[in-house]
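Have a look at the structure below before the remarks.
Note that the structure is a prediction, hence the values are computed from the model and not measured. Protein chains get the first letters and strands the later ones, always in sequence-line order, with residue 1 at the start of each.
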Amino acid sequence: MNQGTTMDYRDTLNLPKTAFAMRADLPKREPDRIEWWREHRTYERRLQRNASGGSWTLHDGPPYANGDVHMGTFFNMVLKDMFVKIALLDGKFAKFVPGWDMHGLPIEYETLKHLGVQDFHSIDPLELRAKCKERALYWLDRQRAQRIRMGNFGLFEHPYRTIDPSFEATIVNALADLADRQQIYKGLRSTLWCIHDETALAEAEIEYEQRLSPSIYVRFTANDEQRRRILNVMLRQAQEDTGSGAVGPVSVLIWTTTPWTLPANVAIALRPGASYGLYQVGGEAVIVAESLAPHALGDRFAQAKLIGRARGDRLDNLAVRHPLMDRDSVIVLADYVDMETGTGAVHTAPGHGADDFDTGMKYGLPILNPVDATGHFTAEAGPYAGLQIFAANPVIVDDLRRNGALWSAAEYEHSYPHCWRCHNPVIFRATAQWFLAMDQNLLRQHAIDAIDAVEYTPEWGRVRQRQMIETHPEWCLSRQRTWGTPIPALICTACNESVLDPRVVRLAARRFAEAGANAWWSDPVEVYLPEKFVCPSCGGTAFAKEMNIVDIWFESGVTHLAVLGRDGLAWPSDLVLEGGDQFRGWFRSSLVTAVAIKGRAPYRHVMKNGWVNDEQGRPMSKSLGTGIDAADAMAKWGADVLRLWAASVELVDDVRFGPHVVEQVGRVYRNVRNRIRFMLSNLDDLGPSDVVARDEMEPLDRLARAVTDAFVAEVKGAYDRFEIHDAYLRIVDFESTMSGLYFDALKDPLYSRAIGDARRRSAQSALLYVLTRFLTAVAPVLSFTAEEAWQSLSEALRGDDESVFDTAFNVAHLRPSAFASDLALWEELRALRARVAASEDPRDFEAQLRLTVTPGLHKRLAGLGDNLREALVVSQLELRSGEADASDGVIAFELLPAQGAKCARCWKYRELGTDPQHPQICADCAAVVRALTGRAP
RNA sequence: GGGCCGUUAGCUCAGCUGGUUAGAGCGCAUGCUUGAUAAGCAUGAGGUCCCUGGUUCGAUCCCAGGACGGCCCA
């Protein structure tokens, strides 16, 4: 009976109602949102509206168009999107042009593999290029779909692509600019070379196989002058006094497994910090690293006597004689010198090793290359000319033995690089390549100076960046491959010299702009010859095209020239944001090209995001199967939960990702979602004309508004400092404080008052304010959910703002200092409410509260009127002012059983039965019910 | 092996220039609610602030060394 009556009254309440589902179903729902944004051109239209709001540009570092997007890339891309949206909601012209890096070896390999082509020389270059383009576009489409699926905003229909003719023209024009400044030269470089296939190889074309090599220890003996200098540094004082004549000849001992590289030796590398010993052995003295001496000197170590020592760096720039050739071998320093094998003194032939080459460049050593493409010694090798290099090994060892330079010889089985196609051992061989001169025109120094004008997050990135420039080797720009942008150099057919003439290069740029870079393969050379062009070396007039392509790091290094400074985008960009590996990669390549060509950094702010590791903090790896595909993750959990995850971690640090982490952030997501849902469900009956202005709101509602303003201002402040995680914490804190205090307080007024009651409309108006401001604040992170909620508001309430991305933070006029007293009062209410809620008997409406507080607090609380009782969720409240001391202002807090009985409708304890028709409910409720049923009392 | 970075509750993170009973959210436990209900509220238990030294009246915070983890390079 009673049950029935109660149920009747339940029907007279204004209970929450909304179509905004409690279950998110993100994987299912999100694609509809994307479609809606696309149809409504939400991003483009907001961009247009912001045209006069000042521009803010995040320049996209181009991902490589190969493979699907993994979680590391997801993290980076979603963070970029958050910053773009923050600027957008801030009224900025935040144009984001996504880009792709589409040339290069990985795609060329993949394509060749796809085509089943073994030797890239055997396929027509234009055909190969066409297939590579297809492949690159295939990956671009996939990656683009994945980026769009993340909810990212940007001009995805018009991305920049390094394969576009206009982009290729930019690359080539950049080369022309550099050639103009004499910044580019042709020089030698050590590359992997297969003497069987007569071609350069890339790292990826190498397979390691076991190979038996000669293992020899060789003396490099000093002449008299060299010996004197070495002893000067190494010999102990006492020994020197007794006369160095007793020491005998002095040699540096080296170890090698490639005797054929000795003719190209020009130096011996020592480790700067290592200690080298001078060992007297029989009638001579040899120098080896002390820690390696027992191993290096072999059975002669027992009779060896340490008579001197020096740190490697003290021997820098001394010299010894080459054991085979009539020249010196200089002692140099190198960090890579291995202290596990050999002698700690490394035979250095810059023509035959990558490290050796770098050291050679650093010391300005000659790059000897006495080996031709087929692996035979040239005349430069003197007595060995004409010999095949591996056949020369025993000959060289014999010569060393004969002239007394051989310390010991053995055989050695080790893992050695072989050609993946013909399985012959490969060699390092110096070949002519185009270089960007790092020190020409003080480029390196200017680049280092340019770093000072850039902001770095984290700040230590600046140091990292500086080191990367300081240690930047000469930049090898050329590659002997097919899938890329040509370096339009000419070869004089008369003297065989290569020419990179700016006029030629600019002709090529113009040609590529209209026809694409394929033209370099299809055009006759005449197309690229300026009038009256002659070879600067010999005056010749006949030329051939040189078939080199440019390093793809150069291509991505000029994206700022291709994308910025046009179409409303400013140069330099305001922000670049990439993983930490890009200090050596794109941050560096962009900086070098920008400083060389425009004299300053191409960005104002460099931000680095952390690496995404698995849940144990280990790197994710495809081979271990611990990598997670972004598309899979979005299909499983939805993009918004993953976006919230990206906001919940410290973006600068390395972060962890996995199912357990997602589950946790998923619970936070559900909290946020439910609180949004609560607000929406109480706005169902609110029309625009019902909304009351701030000044007409009840005090508690005005307070909630103020707290919301403070929240939005704080979140905006965090966004402005690029501290997404800080914003995340504030968002979580805000929705939980709103839910715990305010929503609970509003339930009674919202549910039990008459629909159009002023108290109720005030509460709803405040809720509308809280909700809309909250949605704007979270939209950069929870883009899908914020938009879904926005669309769940009635069109009338949305007003002119069709999308949540049409709204604005709108906090410029707010003064955070003005919030202090409101926030303090809010916290006082929270503390009081917590004391009520903690009580079990009587609890909430079962209670009446006698509250005695200090005069100061009394004044603040009294200002709330009956809203104070609502906020504390009690049936009656007696507020008194007292004089005692109390740190929190509360002198007495007495919860007593409420007066009256529980109203069957509003659940407050009131005097019941004033309306005989409704004996179980209070007078206020009876009035509402009567109004509903149309009967006067 | 080198350069750089990190290490605070089970998890994600706060802790401003050295002095706090070291905090929050999630999870967990307990209680309440059943008119946000595959929701909501309250309370509580969880920490030798990686380790070892040093500076200091006093260090999670400064310095040195080490351990573990990561990125880049070798």
Side-chain angles (χ1 to χ4, degrees), chain A residues 6-7 9-18 20-23 72 271-274 334-340 354-355 358 458-468 470-471 473 579-585 588 608-619 644-645 647-650 652-658 660-682 723 725-726 728-737 739-741 743-744 746-748 750-752 833-841 843-844 873 905-907:
Chain A
T6 306
M7 289 311 288
Y9 287 127
R10 189 177 192 278
D11 292 341
T12 69
L13 295 166
N14 315 301
L15 293 181
K17 188 180 150 200
T18 178
F20 185 84
M22 180 177 282
R23 281 183 59 94
R271 191 183 188 84
D335 288 332
Y336 56 78
V337 172
D338 173 21
M339 301 312 269
E340 306 291 316
D355 286 339
D358 290 341
E459 173 56 32
W460 58 257
R462 181 189 310 282
V463 177
R464 185 84 178 267
Q465 187 75 82
R466 196 177 294 132
Q467 286 172 347
M468 291 302 168
E470 280 166 357
T471 61
D581 53 336
Q582 299 305 329
F583 283 112
R584 176 169 288 267
R588 179 170 81 169
K608 161 254 184 188
N609 65 258
W611 219 249
V612 178
N613 295 322
D614 69 14
E615 291 191 312
Q616 281 70 49
R618 303 301 178 119
L644 191 62
W645 160 76
S648 76
V649 294
E650 184 49 66
V652 160
D653 299 334
D654 292 345
V655 300
R656 296 177 184 212
F657 180 84
H660 178 246
V661 173
V662 178
E663 196 182 317
Q664 175 182 279
V665 77
R667 282 187 282 258
V668 176
Y669 174 83
R670 282 198 288 278
N671 273 353
V672 175
R673 186 176 178 89
N674 270 311
R675 274 128 203 199
I676 290 172
R677 182 168 180 271
F678 177 81
M679 289 188 269
L680 278 171
S681 66
N682 282 294
E723 290 170 2
H725 174 72
D726 190 35
Y728 167 85
L729 292 177
R730 289 167 195 275
I731 288 167
V732 170
D733 179 65
F734 178 73
E735 49 101 7
S736 100
T737 187
S739 177
L741 179 64
F743 295 175
D744 261 7
L746 291 191
K747 282 178 188 172
D748 177 49
L750 285 170
Y751 298 169
S752 56
R833 168 59 189 148
R835 290 177 74 161
V836 175
S839 162
E840 287 191 25
D841 187 27
R843 74 173 65 248
D844 296 350
V873 199
R905 184 169 175 279
C906 72
W907 292 352

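- The residue A/Asp726 sits apart from the nucleic acid: no heavy atom pair falls under 4.0 Å.
- The distance from atom CZ of A/Phe20 to atom C1' of B/A39 is 14 Å, rounded to the nearest whole Å.
- The interatomic distance linking A/Arg730 (CZ) with B/G15 (P) rounds to 10 Å, in whole Å.
- A/Arg905 meets the salt bridge (charged side-chain N to carboxylate O under 4.0 Å, His left out) test with no other residue; sequence neighbours excluded.
- Between A/Trp907 and B/G35, a base-stacking contact is recorded: ring centres under 5.5 Å apart, planes less than 30° from parallel.
- Under 3.5 Å, the side chain of A/Ser739 and the base of B/A36 form at least one donor-acceptor pair of N or O atoms.
- Nucleotide B/C26 holds its C1' atom 11 Å from the CZ atom of A/Arg670, rounded to whole Å.
- Taking atom CZ of residue A/Phe734 and atom C1' of nucleotide B/G25, one finds them 16 Å apart after rounding to whole Å.
- Among the protein residues, A/Glu840 comes within range of the sugar-phosphate backbone only, with heavy atoms under 4.0 Å from sugar or phosphate atoms but none that close to a base.
- Following rounding to the nearest Å, A/Arg843 (CZ) and B/G31 (C1') show an atom-to-atom distance of 8 Å.
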Once Watson-Crick and G-U wobble pairs under 3.5 Å are found, how is RNA chain B written in dot-bracket notation, 5' to 3', with | for any base paired to another strand? (((((((..((((.....[...)))).(((((.......))))).....(((((..]....)))))))))))).
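- Rounding to the nearest 0.5 angstrom, the gap separating the OG atom in A/Ser739 from the CE atom in A/Met679 is 9.0 Å.
- Of the candidate nucleotides B/C26, B/C13, B/A39, B/C13 has the atom nearest to the side chain of A/Val649.
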Using the 3.5 Å cut-off, write out each protein N or O paired with an N or O of nucleotides 69-73 of chain B and the distance between them.
from, atom 1, to, atom 2, distance (Å)
B/G70, O2', A/Asp654, OD2, 2.3
B/C72, O4', A/Arg464, NH2, 3.4
B/C72, O2', A/Arg584, NE, 3.2

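- Under the 90° criterion around 0 for the glycosidic angle, B/G46 counts as syn.
- Nucleic acid contact for A/Leu729: sugar-phosphate only, since backbone atoms but no base atoms lie under 4.0 Å from a heavy atom of the residue.
- Protein atom CG of A/Asp748 is 18 Å distant from nucleotide atom P of B/C41, rounded to whole Å.
- Each of B/C4, B/C13, B/A36 was ranked by its minimum atom distance to the side chain of A/Gln467; first place goes to B/C4.
- Among the heavy atoms of the strands, none lies under 4.0 Å from A/Ser681.
- The separation between A/Lys608 atom NZ and B/C5 atom C1' is 6 Å, rounded to whole Å.
- A/Glu615 places its CD atom 11 Å from the P atom of B/C11, with the value rounded to the nearest Å.
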